[in-house]
Protein chains: 2
Amino acid sequence: MTNGNFKKPSTRGEKKKAILTAAEKIFAEYGFKGATTQMIADLAGIPKANLHYYFPTKEALYSQVVQTIFDIWLEAADSFDQKEDPASALESYIDKKMEISRDHPNGSKVWANEVTHGAPIIQDYLETTLKEWTTSREAVIQSWIDEGRMDKIDPKHLLYMIWATTQHYADFVHQVETLNDGQPFDDGQWQAATRDVKKIILTGVGLKFGGDDGNR
Amino acid sequence: MTNGNFKKPSTRGEKKKAILTAAEKIFAEYGFKGATTQMIADLAGIPKANLHYYFPTKEALYSQVVQTIFDIWLEAADSFDQKEDPASALESYIDKKMEISRDHPNGSKVWANEVTHGAPIIQDYLETTLKEWTTSREAVIQSWIDEGRMDKIDPKHLLYMIWATTQHYADFVHQVETLNDGQPFDDGQWQAATRDVKKIILTGVGLKFGGDDGNR
DNA sequence: ATAAAACTTGACCAAATGGTCAGATCAGTT
DNA sequence: AACTGATCTGACCATTTGGTCAAGTTTTAT
């Protein structure tokens with residue numbers, strides 16, 4: 001069977017994905033410089049030379065990892081737009097971001113690392129995609145404020161607070177777990193965290209907060 | 001003049017401090033592995049061999065830097081305790097933490113980096129000093145809640161939100177500046193950020209928020 | 001079947017980097 | 001001036017590491 005023009009999903013594609021997954025974890029744990037291609041190859045279960053067959057340089061691999069994170073981030077951003085009223089929009093955005101912190105902590109860490117080190121790889125994205133998304137969403141929030149639907153604050157600080165707080169549970173998971181007697185959050189604790197974050201932020205900008213979460 | 005038993009402040013002490021300042025900046029920008037003792041020495045204006053005369057290993061130097069940050073962090077924690085009522089305590093704590101983000105962004109970044117990489121150096125502090133401080137402050141907040149002085153939330157999530165949000169302005173300064181047309185915050189913007197952060201958090205937990213800031 | 005293309009890998013290399021060291025220089029003491 | 005201990009530094013070394021390469025092996029196309 002020639003498999004026609006289709007890529008055989010079980011070889012090239014899957015192998016690259018396996019390498020990317022390993023890379024995400026190692027980069028998250030050790031940072032760009034701290035990570036070695038040898039560690040990544042070991043975790044992926046292949047020789048280092050083979051890794052370099054698929055990703056010519058460490059930078060190329062890292063770049064791919066960061067790209068993936070950014071896509072997830074943008075996907076979460078969508079959930080902001082699907083609701084009409086301020087409370088629902090913020091709630092579902094926070095829900096989604098907390099979910100990402102739980103399901104993709106490594107990605108979040110890589111992103112944080114990249115940005116704190118001056119975003120050498122993704123500066124373009126910051127200046128274009130991220131900047132545009134942020135500006136337009138600030139406008140939306142501002143219009144809600146102008147319509148008297150929520151309290152007057154600078155929208156950008158609201159967004160930063162949402163980003164910072166939700167990502168804290170991924171980026172600082174080690175600290176959070178240490179303060180939780182070394183245990184990772186269980187379902188109930190994640191639910192409680194999400195609820196409290198939403199409660200404080202929604203109430204904080206003068207929106208009504210229903211109480212329990214509607215997801216999961 | 002023999003200078004008696006006093007250390008000559010212009011030599012050893014000051015030199016070490018100069019090295020530490022340089023180290024803080026380099027470690028913040030490049031992470032532990034990414035930083036080289038050569039870079040630090042260059043920034044401090046001394047030969048690498050001289051740096052190793054004062055700090056035998058890179059780890060020892062890094063360890064000192066992290067220690068310094070932690071002291072600053074604890075100092076901020078004090079400002080929480082000097083107020084009686086919830087609103088004042090939280091306000092002055094947030095004020096202080098925003099001040100630190102502005103004045104010691106490098107320190108904050110080093111701390112963030114250390115924690116996201118699993119706190120290999122300061123794990124002890126997390127488990128002892130930080131854990132104790134956090135637990136006791138959670139109790140204080142809980143008592144305020146029990147007395148009906150603020151809304152019912154899990155105190156730990158309030159603390160995490162304060163940490164995450166205030167430190168965001170240091171750790172993610174690059175992103176914040178990029179979204180601010182590449183400009184660093186000016187005095188007014190820092191004031192506005194501080195006000196909005198306090199407004200959202202205080203209001204968010206059911207406390208009264210006066211409005212303008214009382215410091216600076 | 002056979003040729004071509006894609007993939008795999010052990011061995012290797014050049015550059016970077018943490019740390020050493022012997023000798024030079026400086027400051028304080030007598 | 002002579003001595004002593006602290007400080008300074010250029011040259012050097014061992015290790016780590018990103019990346020290469022030639023020699024295979026496997027898969028695909030004809």
Side-chain angles (χ1 to χ4, degrees), chain A residues 1-20 22-27 29-66 110 113-114 117 120-121, chain B residues 1-20 22-27 29-66 110 113-114 117 120-121:
Chain A
M1 230 259 239
T2 318
N3 208 352
N5 286 326
F6 304 106
K7 284 172 204 153
K8 205 187 234 175
S10 60
T11 40
R12 186 156 190 112
E14 289 206 349
K15 194 144 193 182
K16 286 188 85 164
K17 199 162 288 179
I19 295 172
L20 283 168
E24 183 177 283
K25 182 164 183 179
I26 299 294
F27 281 133
E29 194 159 344
Y30 300 95
F32 176 73
K33 278 288 285 191
T36 70
T37 54
Q38 185 68 65
M39 287 192 241
I40 296 168
D42 286 350
L43 186 58
I46 58 171
K48 189 180 67 166
N50 198 11
L51 180 152
H52 276 96
Y53 175 74
Y54 288 97
F55 297 92
T57 67
K58 192 183 176 185
E59 276 83 0
L61 178 52
Y62 179 73
S63 196
Q64 278 284 309
V65 170
V66 173
V110 173
N113 213 55
E114 167 70 4
H117 293 4
I121 303 285
Chain B
M1 228 251 242
T2 317
N3 206 353
N5 286 327
F6 304 106
K7 284 172 203 154
K8 208 188 230 173
S10 61
T11 40
R12 187 156 189 111
E14 290 207 349
K15 195 142 194 181
K16 286 188 84 164
K17 200 162 288 180
I19 295 172
L20 283 168
E24 184 177 281
K25 183 165 183 179
I26 299 294
F27 281 133
E29 194 159 345
Y30 301 95
F32 176 72
K33 277 287 284 192
T36 69
T37 54
Q38 185 66 65
M39 289 192 238
I40 296 168
D42 286 350
L43 185 59
I46 57 171
K48 190 181 66 167
N50 197 12
L51 179 152
H52 277 97
Y53 174 73
Y54 287 98
F55 297 92
T57 67
K58 192 183 176 184
E59 276 84 359
L61 177 53
Y62 179 74
S63 196
Q64 277 285 310
V65 169
V66 173
V110 173
N113 213 56
E114 167 71 4
H117 293 3
I121 304 285

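Reminder, nothing fancy here: chain letters follow the sequence lines and each chain counts from 1. For clarity, every value in this text was computed on a predicted model and none was experimentally measured.
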query = Going 5' to 3' along nucleotides 15-20 of chain C, which nucleotides have protein heavy atoms under 4.0 Å from the base (write B), which only from the sugar-phosphate (write S), and which from neither (write -)?
reply = --SBBB
ask   = Between A:Ile40 (CD1) and D:dG18 (P), how many Å, whole number?
value =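 Going from A:Ile40 (CD1) to D:dG18 (P), I get 8 Å.
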task = Would you kindly check if the NZ (Lys) or CZ (Arg) of B:Lys15 is within the cone defined by 45 degrees around the ring axis of B:Tyr54 and under 6.0 Å from the six-membered ring centre?
result =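 The answer is no; the distance or angle limit is not met.
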Report all interatomic pairs (protein N or O, nucleotide N or O of nucleotides 23-25 of chain D) with separations under 3.5 Å.
none

query = A:Ile46 CD1 to D:dG19 P: how many Å, rounded?
reply =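 Going from A:Ile46 (CD1) to D:dG19 (P), I get 14 Å.
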inquiry  = Checking B:Phe27 against B:Asn113 for the side chain to side chain contact (heavy atoms under 4.5 Å, CB included) test, could you report, in this order, the C-alpha distance in whole Å, the side-chain angles of both residues, the deciding distance, and whether it holds?
reply    = CA-CA 9 Å; B:Phe27 281 133; B:Asn113 213 56; over 6 Å; no
request  = Might you point out which heavy atoms bring A:Val110 and A:Glu24 nearest each other, and give the distance in Å?
outcome  =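 For A:Val110 versus A:Glu24, the nearest heavy atoms are CG2-O, 3.8 Å.
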request  = Figure out the CG/C1' separation between B:Asn50 and C:dT25, and round it to whole Å.
outcome  =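 Checked: the CG to C1' distance equals 12 Å.
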inquiry  = Please report the distance, rounded to the nearest Å, between CZ in B:Phe55 and C1' in D:dT7.
reply    =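 Whole-Å distance recorded here is 15 Å.
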key: Backbone N/O of B:Leu20 and side chain of B:Gln64: donor-acceptor pair under 3.5 Å   =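 Side chain of B:Gln64 to backbone of B:Leu20: no pair is present.
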query = Would one find more than 12 heavy atoms of other residues, nucleotides or ligands at under 6.0 Å from atom NZ of B:Lys25?
reply =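 It does not: B:Lys25 NZ has 12 such atoms or fewer within range.
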ask   = How far apart are the closest heavy atoms of B:Ala22 and B:Ile40, and which atoms are they?
value =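 Smallest interatomic distance, heavy atoms only, reads CB-O, 3.8 Å.
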query = Between C:dC7 atom P and A:Glu14 atom CD, what is the distance in whole Å?
reply =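 Roughly 14 Å, once rounded to whole Å.
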Donor-acceptor pairs under 3.5 Å, side chain of residues 30-37 of chain B to any protein atom, not counting sequence neighbours: which ones?
residue: B:Thr36; atom: OG1; partner: B:Met39; partner atom: N; Å: 3.0

request  = Please step through side chain to side chain contact (heavy atoms under 4.5 Å, CB included) for the pair A:Leu51 and A:Leu61, ending with a clear verdict.
outcome  = CA-CA 9 Å; A:Leu51 180 152; A:Leu61 178 52; 4.3 Å; yes
request  = Would you mind reading off the distance between A:Lys16 atom NZ and C:dC7 atom C1', rounded to a whole angstrom?
outcome  =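 Rounded to the whole Å, the gap is 14 Å.
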inquiry  = If you compare all heavy atoms of B:Ala44 against all heavy atoms of B:Ala18, which two are closest, and at what distance to 0.1 Å?
reply    =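 Residues B:Ala44 and B:Ala18, closest heavy atoms: CB-O, 4.4 Å.
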task = Round to the nearest Å and state the distance from A:Leu51 atom CG to D:dT17 atom P.
result =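 To the nearest whole Å, that distance equals 15 Å.
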N/O (side chain, A:Tyr53) to phosphate O (OP1/OP2, C:dT8) under 4.0 Å =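 So the side chain of A:Tyr53 is outside the cut-off, no N or O lying under 4.0 Å from OP1 or OP2 of C:dT8.
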